[in-house]
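My questions will all concern the structure given below.
In what follows, chains carry the letters A, B, and so on, assigned in the order in which the sequence lines appear, proteins first and then strands, with residues in each chain numbered from 1.
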Amino acid sequence: MSLIEQGIILMLVGITVVFVFLIALVFIIKLLSYVVLRFFPEKEKPAAKKPSGGSGSKDAEIAAAIAAATAFSKR
Amino acid sequence: MNIGRAFQEFWNATGVMNFTGGQFIMIIVGLVLLYLAIAKKYEPLLLFTIGFGCILANIPIAEISGPEGFLGIFYQMGIANGLFPLLIFMGVGAMTDFGPMIANPKTLLLGAAAQIGIFIALLGALVLNIIPGIDFSLADAGSIGIIGGADGPTAIFVTSQLAPRLLGPIAVAAYSYMSLVPIIQPPIIRAFTTKKERVIKMEQLRHVTQLEKILFPIAALGLCIALLPSATPLIGSLMFGNLAKECGVVDRISDTLQNALINIVTIFLGLAVGSRMEAGLFLTFETLGILALGLVAFGFGTMTGILLAKLMNKLSKEPINPIIGAAGVSAVPMAARVANKVGQEENPHNFLLMHAMGPNVAGVLGSAVAAGILLAVVPIML
């Protein structure tokens, strides 16, 4: 097998594994975030932090409030 | 021995009498690196130490980079065995905020795409073998390709394991091109994106909780253990530093990693890399090839990152500004700053920095993974 052929094999293996690894990491992060935000949400902290955090944290607060309300009403 | 002969012997032992042409050229190269560091502020921490090490290594008679010389001892201490790059990686981990990446995990794909440059340069190195005077093995080619990871410690780690003879040129190419990111990347970004794409605004990133940031390094290391143990020295060091930062209970360790330790190791690492710039090792045709291939690796990495970002923008519901794809070639945080700057040139109110930090830190992981693959596969193929 020539050196170039070996190089091409190495390239294909390399690119594939890099993508497989990082795609796997995408799913792990998504799972992690889902579990953490679902079962261990931060208590009150975003509100206590700088209010200049922007709409992101406010949206999170509103989402948390909605989640709390639905959980309450289901009881 | 009469006095005349004593002076004669002394004269024969001076630097003037023992300089070779190559050493003289390399001292000038060292001075150029010092100039780039001091006057141009290009990666000063590294180019300054490497440049001075290069001067010291090319002094006749003193043998500073020999096995008994102090630079040679630094080399044996932490480069030959790969220790210094790992210590640097702990510091990098303690300085890295994976928050933007956790908030928008899709950007990990950009960090993967930008690593394609590594493997294109690898192939390029093997093609260069047709030029007489250049003889790159597969291990050499892998080490040259990793310059495209735009990550100095990773490049040094891989090269010290696969192709130690090329360490000088590869480290110099890696750090020089990292410092040239603001010059290399913008033209490539403009060439592969339209104005309409460059003004795209991205949605603000969500808040990432501390618990997510604590669990992430453990989860990432777990994946690495499962899939690619050969990358665990790099990823493990990175995640050690990162967990020390995020957990909040070992601030003293985190502080040492990101300040005192990384500074000390940078001194040792830079000088030891400089010691590999002896005339005999550095002044070869291959060095020119390595410098050219490093540029190819950077260019292709930037391009593939951008192209995947364009594709993701087309397929995804949320808008993705393709500029951030260029930040996938690690070079933290320089590449992210460049992406931000290019974006603001089109629209001064568009802040891409945090969005570009996602692919940027993903690029660090991506190049560490690529390094792990090379370390695992190349020795088998040889």
Quick one: does A:Val17's side chain get under 4.5 Å of B:Val377's, heavy atoms only?
-> no
Would you mind checking which part of A:Ile28 comes under 4.5 Å of any heavy atom in chain B, side chain (CB onward), backbone (N, CA, C, O), both or neither?
->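 The side chain, not the backbone.
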How far apart are the closest heavy atoms of A:Leu22 and B:Gly111, and which atoms are they?
->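 Result for this residue pair: CD1-C, 4.0 Å.
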So which of B:Val127, B:Leu123, B:Asn129 has the biggest tally of heavy-atom pairs under 4.5 Å with chain A?
->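 Max contact count across the listed options: B:Leu123.
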Under 4.5 Å heavy-atom distance to chain A, tell me which part of B:Leu126 shows up: side chain, backbone, both or neither.
->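 For B:Leu126, heavy atoms of backbone and side chain both lie under 4.5 Å from chain A.
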Heavy-atom proximity to chain B below 4.5 Å, by part of A:Leu37 | side chain
Can you tell if the side chain of A:Phe19 reaches within under 4.5 Å of the side chain of B:Leu308, non-hydrogen atoms only?
-> yes
Evaluate the side-chain proximity of A:Phe27 to B:Pro105: yes if any heavy-atom separation is below 4.5 Å, no if none is.
-> no
Closest non-hydrogen atom pair between A:Leu3 and B:Phe136, with its separation | CD2-O, 3.6 Å
Quick one: what part of B:Gln115 sits under 4.5 Å from any heavy atom of chain A, side chain, backbone, both or neither?
-> side chain
Minimum heavy-atom distance A:Val18-B:Gly366, with the two atoms named |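 Smallest interatomic distance, heavy atoms only, reads CG2-O, 4.3 Å.
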Among B:Val208, B:Ile102, B:Thr209, find the residue that satisfies the side chain to side chain contact (heavy atoms under 4.5 Å, CB included) test when tested with A:Val36.
->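 Looking at B:Val208, B:Ile102, B:Thr209, the match for A:Val36 under the side chain to side chain contact (heavy atoms under 4.5 Å, CB included) is B:Thr209.
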Considering only heavy atoms, which portion of B:Leu109 lies under 4.5 Å from any heavy atom of chain A: side chain, backbone, both, or neither?
->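 For B:Leu109, the contact with chain A is made by backbone and side chain together.
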Heavy-atom pair count under 4.5 Å with chain A, highest-scoring of B:Ala103, B:Ala362, B:Ala113 =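 So the answer, after comparing B:Ala103, B:Ala362, B:Ala113, is B:Ala113.
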Shortest non-hydrogen contact from B:Phe119 to A:Gly14?
-> CZ-CA, 3.5 Å
Looking at B:Leu228, B:Leu374, B:Val369, which has the largest count of heavy-atom pairs under 4.5 Å with chain A?
->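 Going by pairs under 4.5 Å, I would pick B:Val369.
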Please look at A:Ile29 and chain B and tell me whether the side chain, the backbone, both or neither of the residue comes under 4.5 angstrom of a heavy atom of that chain.
-> side chain
NZ/B:Lys106 to NZ/A:Lys30 distance, rounded to the nearest 0.5 angstrom?
->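 It is 6.0 Å, given to the nearest 0.5 Å.
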Once you round to the nearest 0.5 Å, how far does CD1 of B:Ile235 lie from CZ of A:Phe21?
-> 5.0 Å
What pair of heavy atoms forms the shortest contact from B:Ala219 to A:Leu32, and how long is it?
->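 In this case the closest contact between B:Ala219 and A:Leu32 is CB-CD1, 4.3 Å.
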Okay, B:Leu227 and chain A: the region with an atom under 4.5 Å from a heavy atom over there is side chain
Do side-chain atoms of A:Gln6 reach the backbone of B:Leu138 as a donor and acceptor pair under 3.5 angstrom?
->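 Flag not set: sc A:Gln6 to bb B:Leu138 has no pair under 3.5 Å.
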Between B:Leu365 and A:Leu25, which heavy-atom pair has the shortest distance, and what is it?
-> CD1-CD2, 3.7 Å
Check each atom of B:Ile118 against the heavy atoms of chain A and say whether the ones under 4.5 Å are side chain, backbone, both or neither.
-> neither
Nearest-0.5 Å distance that lies between atom CD1 in A:Ile15 and atom CD1 in B:Ile120 | 6.5 Å
Under 4.5 Å heavy-atom distance to chain A, tell me which part of B:Ala141 shows up: side chain, backbone, both or neither.
->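 Neither part; nothing is under 4.5 Å.
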